[in-house]
Asker: 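So that we are looking at the same thing, I have put the structure below in structure tokens.
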Amino acid sequence: MFAYGGTLRAVHSAPMIGLAAQALLLAAAAATVGLAGTSWVVGAMCALILNAAVAQAIARHRPTRLGPASWVTLARATLAVGVAALAADSLVRSTSPAPLVTLAVVALALDWVDGQVARRTATESRLGAQMDGEVDAFLILALSVAVAPTAGAWVLTIGAARYAFLAAGWPLAWMRAPLPRRDWRKSVTAVQGIVLAIAAADALPRALTRVALAAALVLLAESFGRDVLWLWRRRRAPAGPHATLEEEKPRREPSGGSGSRRARLRAGIAAVLTVLAVLIVWVA
């Protein structure tokens, strides 16, 4: 009973731990790059909102413990709050993009890490997937705000897409149904973060940056459009078990089979592309 209670308290204290870590990061940013007062307030408000969402997700799913991947996701959330504060700072005064891009690159790299940790420790869960998705959406929103002044206000569409999708679910009940797992959705999300980070670095010609951002937006529209179409086709389905995280996963095959080889090949390609993307953003 004591061990269970201790574990449960650790789960519910996770948002407070995240909030403390984010406050320390904001203080460090204020000391090193001199955050404007309004930027610090924006970062603090983002931290409160993000951790409130995490607390709500934990209360909804009621886990007895958080897996190691979820703690990596909380670390990403901390970095995303730092990106939001620096993005707000860039709107009120001239700043170097280096701190913002550095935090964004680390957060993007950890996005791949938490997925690998979840799979290798067999701790994939609905809670972890929800936390991961919301941190992704928040990071993309913060990056789009940082990029909009130079690339154009239309870039905010990339950051607002996830929240527009959620808002559509308020009046439309069928839009709130759980979606099946789809690896393409995760790949498109990664593309948004990478392209926005490169744009934030402002190292490429403006015309080329806008083309890359437009291509990323097209991919995002296709991904959300596919999800909306999937939900629309099932809007009159009777109440019952919904799609789970396990749907659309490759069917297990005997070790050494063609499915296993394809899975290893996809994992290898994903790892190489992730490393290359991080290197490109870092060099930029």
Asker: Would you say V145 and I49 are hydrophobically clustered, going by side-chain heavy atoms of ILVMFWY under 4.5 Å?
Answerer: no

Asker: When rounded to the nearest 0.5 angstrom, what is the spacing between CH2 in W71 and CD1 in I17?
Answerer: 4.0 Å

Asker: Would you say the side-chain atoms of S39 pair up with the backbone N or O of D89, donor to acceptor, closer than 3.5 Å?
Answerer: yes

Asker: Looking only at non-hydrogen atoms, find the nearest pair between F224 and A161 and report the distance.
Answerer: CE1-CB, 3.7 Å

Asker: Are any of the side-chain heavy atoms of V155 and L196 separated by less than 4.5 Å?
Answerer: yes

Asker: How far does CG of L110 sit from CG of L74, to the nearest 0.5 angstrom?
Answerer: 11.5 Å

Asker: W154 and L213: side chain to side chain contact (heavy atoms under 4.5 Å, CB included), yes or no, with the steps?
Answerer: CA-CA 10 Å; W154 62 271; L213 290 167; 3.6 Å; yes

Asker: Which atom pair, heavy atoms only, marks the closest approach of L143 to A104?
Answerer: CD2-CB, 3.9 Å

Asker: Taking everything shown except R120 itself, do over 12 heavy atoms lie less than 6.0 Å from its CZ?
Answerer: no

Asker: Check T121 against P68 and note the closest heavy-atom contact, atom names and distance.
Answerer: OG1-CG, 3.9 Å

Asker: Surrounding CZ of R93 (heavy atoms of other residues, nucleotides or ligands, distance under 6.0 Å), is the total greater than 12?
Answerer: yes

Asker: Could you tell me if the side chain of R162 sits less than 4.5 Å from the side chain of I140, heavy atoms only?
Answerer: no

Asker: Any non-hydrogen side-chain atom of R181 less than 4.5 Å from a side-chain atom of K186?
Answerer: no

Asker: Transitively linked via ILVMFWY side-chain contacts under 4.5 Å: V195 with V211?
Answerer: no

Asker: Can any side-chain N or O of Q130 pair as donor or acceptor with the backbone N or O of R126 at less than 3.5 Å?
Answerer: no

Asker: In terms of the angle between their ring planes, are W232 and W174 parallel, tilted or perpendicular, with boundaries placed at 30° and 60°?
Answerer: perpendicular

Asker: Pick out which of V106, T73, V135, D136 makes a side chain to side chain contact (heavy atoms under 4.5 Å, CB included) with D111.
Answerer: D136

Asker: Donor-acceptor check, side chain of Q116 to backbone of W112, threshold 3.5 angstrom: yes or no?
Answerer: no

Asker: For the residue pair A14 and I58, what are the closest heavy atoms and their distance?
Answerer: CB-CD1, 4.3 Å

Asker: Would you confirm whether S13, through its side chain, and M16, through its main-chain N or O, come within 3.5 Å as a donor-acceptor pair?
Answerer: no

Asker: Less than 4.5 Å apart, any side-chain heavy atom of R235 and any of L231?
Answerer: no

Asker: State the CH2-CG distance between W40 and L35, to the nearest 0.5 angstrom.
Answerer: 9.5 Å

Asker: Side-chain contact, heavy-atom cut-off 4.5 Å: W170 with M175?
Answerer: no

Asker: Using the rule given for side chain to side chain contact (heavy atoms under 4.5 Å, CB included), can you reason through D114 versus D132, listing the C-alpha separation, both sets of side-chain angles and the distance that settles it, and then say yes or no?
Answerer: CA-CA 8 Å; D114 63 10; D132 186 58; 2.9 Å; yes

Asker: Just by modelled atom types, is the V72 backbone N or O under 3.5 Å from a matching donor or acceptor in the R76 side chain?
Answerer: no

Asker: Can you tell me if Q192 uses its side chain to pair, donor with acceptor, with the backbone of A216 under 3.5 Å?
Answerer: yes

Asker: Looking only at heavy atoms, what is the nearest atom pair of V83 and A142, with distance?
Answerer: CG1-CB, 3.9 Å

Asker: When hydrophobic residues are tied together by side-chain contacts of less than 4.5 Å, even through go-betweens, does W184 share a cluster with V228?
Answerer: yes

Asker: Looking at R206 and A151, would you say the former's side chain and the latter's main chain have a donor-acceptor pair under 3.5 Å?
Answerer: no

Asker: Is a donor on one side and an acceptor on the other found under 3.5 Å between the side chain of S90 and the backbone of A87?
Answerer: yes

Asker: Which value, rounded to the nearest 0.5 Å, describes the distance between L103 atom CG and L86 atom CG?
Answerer: 6.0 Å

Asker: Quick one: pull up CD1 in I158 and CG in L217 and give me the separation to the nearest 0.5 Å.
Answerer: 5.0 Å

Asker: For V81, run the side chain to side chain contact (heavy atoms under 4.5 Å, CB included) check against L50, L19, L139 and tell me which one passes.
Answerer: L50

Asker: Hey, what do you get for CG (L100) to CG (L79), rounding to the nearest 0.5 Å?
Answerer: 11.5 Å

Asker: For L219, is there any backbone N or O sitting under 3.5 Å from a side-chain donor or acceptor partner on S223?
Answerer: no

Asker: Spell out, as yes or no, whether a donor-acceptor pair under 3.5 Å connects the side chain of R185 to the backbone of P180.
Answerer: yes

Asker: Identify the heavy atoms of S144 and L156 that sit nearest to each other, and give their distance.
Answerer: O-CD2, 3.8 Å

